[in-house]
Amino acid sequence: TTTCAVTGLVMVELYKVISLSLQPKADRIVDSLRNTYVNLAINSYYAAEPGPPKRRGTVEMDVVAGGPVRAVPEGHTKWERIVLTVDAASTTTQDIVDKIGEWVASATQADVTAGAAAEGKGAVAAGDVTVTLLAVGEKMLYSDFFPAHAARLGKNFRQVYVESIL
């Protein structure tokens with residue numbers, strides 16, 4: 001049946017993912033993973049390698065943002081993450097905004113130092129970063145275009161998160 005075929009193919013890919021996760025990050029090769037299409041009604045099976053993730057770069061005009069967008073770091077993908085180390089008990093939303101500004105400043109300085117910054121773009125100072133939105137999943141925790149959200153900047157970030165999911 002189709003269910004059996006799909007379950008088997010998913011399990012094969014799951015074993016591959018687990019196997020890859022046990023290897024050092026530098027040795028992980030995703031070429032062994034496959035996207036599979038199965039149509040048992042007409043007896044057709046297709047397996048294809050997934051393409052590489054799209055890399056984001058600095059653009060002078062982004063149609064969604066309606067203006068220039070700076071990629072930080074230059075050439076990142078949507079699968080990359082930043083990690084902010086904070087004390088959950090005492091960190092305010094403003095502290096998170098400030099930490100993001102510091103991270104952007106250090107990332108742009110690293111791009112400049114490595115020669116990876118977009119042409120004509122230098123390092124960004126932490127104070128020049130504007131955080132317009134903080135979200136977790138589908139929940140918007142802070143947005144600078146909602147006047148009521150300004151009060152959330154002084155609140156404990158954990159409290160803001162709990163209030164937004166309830």
For residues [X] and [Y], report the shortest heavy-atom separation together with the two atoms involved.
X	Y	answer
Thr58	Arg70	OG1-CA, 3.8 Å
His149	Ser143	ND1-N, 2.9 Å
Leu40	Ala5	CD1-CB, 4.3 Å
Ala105	Ala126	CB-N, 3.7 Å

Common cluster, [X]/[Y], ILVMFWY with side-chain heavy-atom separation under 4.5 Å:
X	Y	result
Ile82	Val129	yes
Val112	Val69	no
Val6	Val12	no
Phe146	Val160	no
Tyr161	Leu133	no

Taking the side chain as everything from C-beta on, heavy atoms only, tell me whether [X] gets closer than 4.5 Å to [Y].
X	Y	result
Leu9	Thr7	no
Phe157	Leu141	yes
Ile96	Lys99	no
Tyr37	Asn39	yes
Val86	Asp95	no
Asn156	Thr92	no
Thr93	Leu134	yes

Calculate, to the nearest 0.5 Å, the distance between atoms [atom1] and [atom2] belonging to [X] and [Y] respectively.
X	Y	atom1	atom2	answer
Leu153	Asp144	CG	CG	9.5 Å
Leu20	Glu13	CG	CD	10.0 Å
Lys54	Thr77	NZ	OG1	12.0 Å

**OP:** Any chance you could lay out the side-chain contact (heavy atoms from CB on, under 4.5 Å) test for Glu163 and Lys155, step after step, and finish with the verdict?
**Re:** CA-CA 11 Å; Glu163 289 172 0; Lys155 283 186 170 181; 3.2 Å; yes
**OP:** Keeping to residues at least two apart or across chains, list the salt bridge (Lys or Arg N to Asp or Glu O under 4.0 Å) pairs with something in residues 73-91.
**Re:** Arg55-Glu80
**OP:** Return each pair, listed once, that meets salt bridge (Lys or Arg N to Asp or Glu O under 4.0 Å) where at least one residue sits in residues 131-140; pairs must be two or more places apart or across chains.
**Re:** none
Subject >> Thr108 (side chain) donor-acceptor with Val124 (main chain) under 3.5 angstrom >> reply: yes
**OP:** Please check if the side chain of His76 supplies one atom and the backbone of Pro73 the other of a donor-acceptor pair under 3.5 Å.
**Re:** yes
Original post:
Are Val72 and Trp103 close enough, and set up right, to give a side-chain contact (heavy atoms from CB on, under 4.5 Å), and what steps lead you there?
Top reply: CA-CA 10 Å; Val72 177; Trp103 182 87; 3.8 Å; yes
Original post:
Quick check: are there more than 12 heavy atoms from other residues, nucleotides or ligands sitting under 6.0 Å from CZ of Phe145?
Top reply: yes
Original post:
Should Glu49 and Arg34 count as an ion pair when the cut-off is N to O under 4.0 Å?
Top reply: yes
